[in-house]
2 protein chains.
Amino acid sequence: MPRPSSARLDKTGIVQIAASLGVSPSTVSRALRPETSHLVRADRRKQIMDMAEKQHFSPNPGARMLRKGANATLTVVVPFDENIFFSEYYGRFLAGTLHAAAARGWGVQISTMRRSENTNFREAMQHMSLESSGIIYLAEPLTHQELEELKGFRRPFVLTKSTLPEDVDVRALGLPVLSVDNLSGARSVASLLLQLGHRRIGLLLGPEGSRDAHERKQGYLEMLQKNGAVPRPEWIYSGPFNAESGRAGIEKILKCAERPTAICCANDEIAFGAMHAAHLAGVRCPDDISIVGFDDGHWATACQPALTTIRQPLSDLAERAVGLIVEAANNPGQIRRFVSDDMPASMMIRESTGPLRRSE
Amino acid sequence: MPRPSSARLDKTGIVQIAASLGVSPSTVSRALRPETSHLVRADRRKQIMDMAEKQHFSPNPGARMLRKGANATLTVVVPFDENIFFSEYYGRFLAGTLHAAAARGWGVQISTMRRSENTNFREAMQHMSLESSGIIYLAEPLTHQELEELKGFRRPFVLTKSTLPEDVDVRALGLPVLSVDNLSGARSVASLLLQLGHRRIGLLLGPEGSRDAHERKQGYLEMLQKNGAVPRPEWIYSGPFNAESGRAGIEKILKCAERPTAICCANDEIAFGAMHAAHLAGVRCPDDISIVGFDDGHWATACQPALTTIRQPLSDLAERAVGLIVEAANNPGQIRRFVSDDMPASMMIRESTGPLRRSE
DNA sequence: GCTTGCATTGCAAACGTTGTCATTTGATAC
DNA sequence: GTATCAAATGACAACGTTTGCAATGCAAGC
């Protein structure tokens, strides 16, 4: 039996409720919204709410949004990765975003973006911004061409410096970029090792192509060079940001005739791997070797020994990103081509670093 | 709220663009949407797109939503917690949700929900569902009263069993509930220990009030009792789901005159804490004591020794949750009061369990 | 009885976009 | 030149809610 064309009785709107009670839609609308419900006589209000309940009414989000103007939602674009939430960076940044957005009454939408496919970047961004008022881009590194495309993008958005190619000058870029000061973070922790007396310092660096890895490397090298502690080439290892890379790196370094007495790692996971492999090899930390990480990951205090590392102000970063989006959304037209200062990272000195032993 | 009627000439809509080019809004709409842009002559399309670019046009999401019907977005409600993403449960579930939603062309919105305040639960849910087509509730445990309220809730939603009070019968509840089979997971891992010859088995249980903790406890006890291996009271410890709790628990247990030879933990973090404290106390795992966890957390394979544990099918769970929401959104009216079967968990046998030593 | 003021309700106009027509345009074939 | 047909465009009506304004009813004050 084809359904009678008149049907769709199940479509409950404010109008149906009004009709079934013999009142006007206006009254129903007023009764149902807390801000205006005082305008409706108490008994009628109850009547309406009961009927809404009975008819399983729920307001049409689109209509309300249209009527009220903007939607208080921003989109965070993250890489498509099974383990995305477990990374200190994304996990803490996202939590910060949720927090900051909630404080402003905003919602957060999380979208993944795969860059491998040959999808049009511009269109993908357009599509994402369609249902929200702004974008925080945290996904995979952008190409120069995509950055150019982004200059013409007219919805509020924010990048993090981590998504930029190494050779891009942030100040000259003219896009809203937020960042953590990798350079001085790396310098300060290298400086700590120097102060502890270490001169033979190895480096377990991150992957090629990562701007974060590059800047941390710069920071380490710069500080070491300035103090005449240039690491030997065989003390330097590059690999992905994971524990396995740390293991491989330290194993290679421990084979050297002359070993370093301290190691700077490009992030905590590398440091964990290194610490673990060193332990297995009978090399004690910090007695035989000092190790520093970067990120202050979730397990930095839980591991043995607790890791000396750099804490990135990710919740501040998130707070700022959300603030920029909300501001831009509230002042359309005058989009600020904002270039942020680096936000300072702080050193967390724990147990994995110690003074150089006298015998060395 | 009276909007600033004076200014806002810059309010670019499809209509303004049409006007400035002397074409009709329909044409602009068609030109701007990829699906229909082929209907517009190429040169005109370019003209329109350029103008849209120049005027910083971006489509009004509300209007589109209203016109098109539903919006393909679902909301995941999680507890308000700084470290939310680092928990294996939420991290993997959310990643699974993102994956499953993306596969269907849906977006995912993540909302936090604090239960401590005396906010009206119903209203909070209502508010959340306002901007999306369905809700997956993963936040803090619900009260009986809230469950009752939920029965009248007419937007698509799904709960997980973890959010229910211990004494609620899922089958009788009549709400869409998804769950992992804690019971048989716990049974299987207890059974493994028994097969390895262990009879003196301790329990490091989770917090009171957590349904997951309760069910795992049930599973452990049931299997042990059935095999005449009832644990002594002093071998049982309850605490929060974290490593500290595991440390405290094992320390208490190690003080007993007669020590157990194996320990079942309510989750991985507790197991980590226990393993760590045992190590510090000179008790070797698995030689002196076997330890099993629950969750197959991110570090279960990274720790030393690798942890024998139960892997929850969280991505399957997420996939199913998203599937139910999407289905419900596509078939409004016929909301299924769906009660899921438990989804089976699988045992991951690693290095933290070993056979009972002969001397024992 | 008439005004005044207040509480309550209805009317109708938006909000910006999209899809369904109907209409125009342009090209091709006769 | 006209008929034919497809492509391109325009006119217009929704979509469901909110809100300014007007209308009504009611009670109190004169």
Side-chain angles (χ1 to χ4, degrees), chain A residues 5 8-48 52 55-71 126-127 129-131 133 155 332, chain B residues 1-5 8-48 52 55-71 126-127 129-131 133 155 332:
Chain A
S5 55
R8 299 317 312 273
L9 293 176
D10 53 341
K11 245 194 180 171
T12 39
I14 217 169
V15 182
Q16 281 69 29
I17 297 190
S20 65
L21 284 175
V23 298
S24 82
S26 327
T27 307
V28 176
S29 171
R30 282 190 274 255
L32 253 29
R33 309 225 3 248
E35 309 93 288
T36 50
S37 61
H38 67 276
L39 294 172
V40 178
R41 217 177 50 226
D43 59 338
R44 186 163 300 242
R45 180 165 68 227
K46 173 147 190 354
Q47 200 183 12
I48 290 174
Q55 296 204 7
H56 316 330
F57 167 77
S58 71
N60 179 310
R64 167 173 265 174
M65 219 157 126
L66 172 57
R67 187 59 229 247
K68 303 276 270 193
N71 66 332
Q126 192 72 39
H127 180 82
S129 70
L130 214 67
E131 306 214 333
S133 300
R155 313 260 333 223
Chain B
M1 188 167 284
R3 82 177 63 94
S5 52
R8 301 319 315 277
L9 293 176
D10 56 341
K11 240 191 184 173
T12 45
I14 215 171
V15 183
Q16 281 69 30
I17 297 189
S20 65
L21 285 174
V23 298
S24 81
S26 321
T27 307
V28 176
S29 171
R30 281 189 276 257
L32 253 28
R33 308 226 359 253
E35 309 93 286
T36 52
S37 61
H38 66 278
L39 295 172
V40 178
R41 218 178 49 226
D43 58 339
R44 186 165 301 242
R45 181 166 67 227
K46 173 151 193 348
Q47 201 184 12
I48 290 175
Q55 296 203 8
H56 315 329
F57 168 76
S58 72
N60 180 310
R64 165 171 268 174
M65 213 194 240
L66 171 57
R67 188 58 232 250
K68 306 273 269 193
N71 65 334
Q126 192 73 40
H127 180 82
S129 70
L130 215 67
E131 307 214 333
S133 301
R155 314 268 322 230

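Proteins come first, then strands; the chains are lettered A, B, ... in the order of their sequence lines, and each starts at number 1. Just so you know, these numbers use all the heavy atoms, side chains as well, and skip hydrogens, waters and symmetry mates.
Comparing A:Leu66 and B:Gly22 along DNA chain D, the residue whose closest nucleotide (by nearest heavy atom) sits nearer the 5' end is B:Gly22.
Residues satisfying the side-chain contact (heavy atoms from CB on, under 4.5 Å) criterion with A:Ser29, sequence neighbours excluded, are A:Ile14. Remark: B:Arg33 pairs with B:Glu35, B:Thr36, B:Arg64, B:Lys68 by the side-chain contact (heavy atoms from CB on, under 4.5 Å) rule, at least two apart or across chains. For B:Ser37, the side-chain hydrogen bond (donor to acceptor under 3.5 Å, both in side chains) test picks out no residue, with sequence neighbours left out. B:Ser24 meets the side-chain contact (heavy atoms from CB on, under 4.5 Å) test with B:Ser26, B:Thr27; sequence neighbours excluded.
The closest side-chain heavy-atom distance from B:Leu32 to B:Phe57 is below 4.5 Å.
When distances run from any side-chain atom of B:Ser26 to the nucleotides D:dT17, C:dT17, D:dA11, the shortest one goes to D:dA11.
A:Ser20 and A:Ile17 make their closest contact through OG-O, 2.9 Å (heavy atoms, listed as atom of the first residue, atom of the second, distance). Across all their heavy atoms, B:Arg30 and B:Leu39 have their closest contact at CD-CD1, 3.8 Å. When all heavy atoms of B:Leu66 and A:Ala63 are compared, the closest pair comes out as CD1-CB, 3.7 Å.
Atom CD1 in B:Ile14 sits roughly 8 Å away from atom C1' in C:dG16 (whole-Å rounding). For the pair B:Lys68 NZ and C:dG16 P, the computed distance is 19 Å after rounding to whole Å. Atom CE in A:Met65 sits about 14 Å away from atom C1' in D:dC15, given to the nearest Å.
Within residues 37-47 of chain B, no residue has a heavy atom under 4.0 Å from DNA chain C. Contacts between residues 27-36 of chain B and DNA chain C, defined by a heavy-atom separation below 4.0 Å, involve B:Ser29, B:Arg30, B:Arg33, listed by number.
Within the 4.0 angstrom heavy-atom criterion, only backbone atoms of the sugar-phosphate kind lie near A:Val23; the bases stay farther away.
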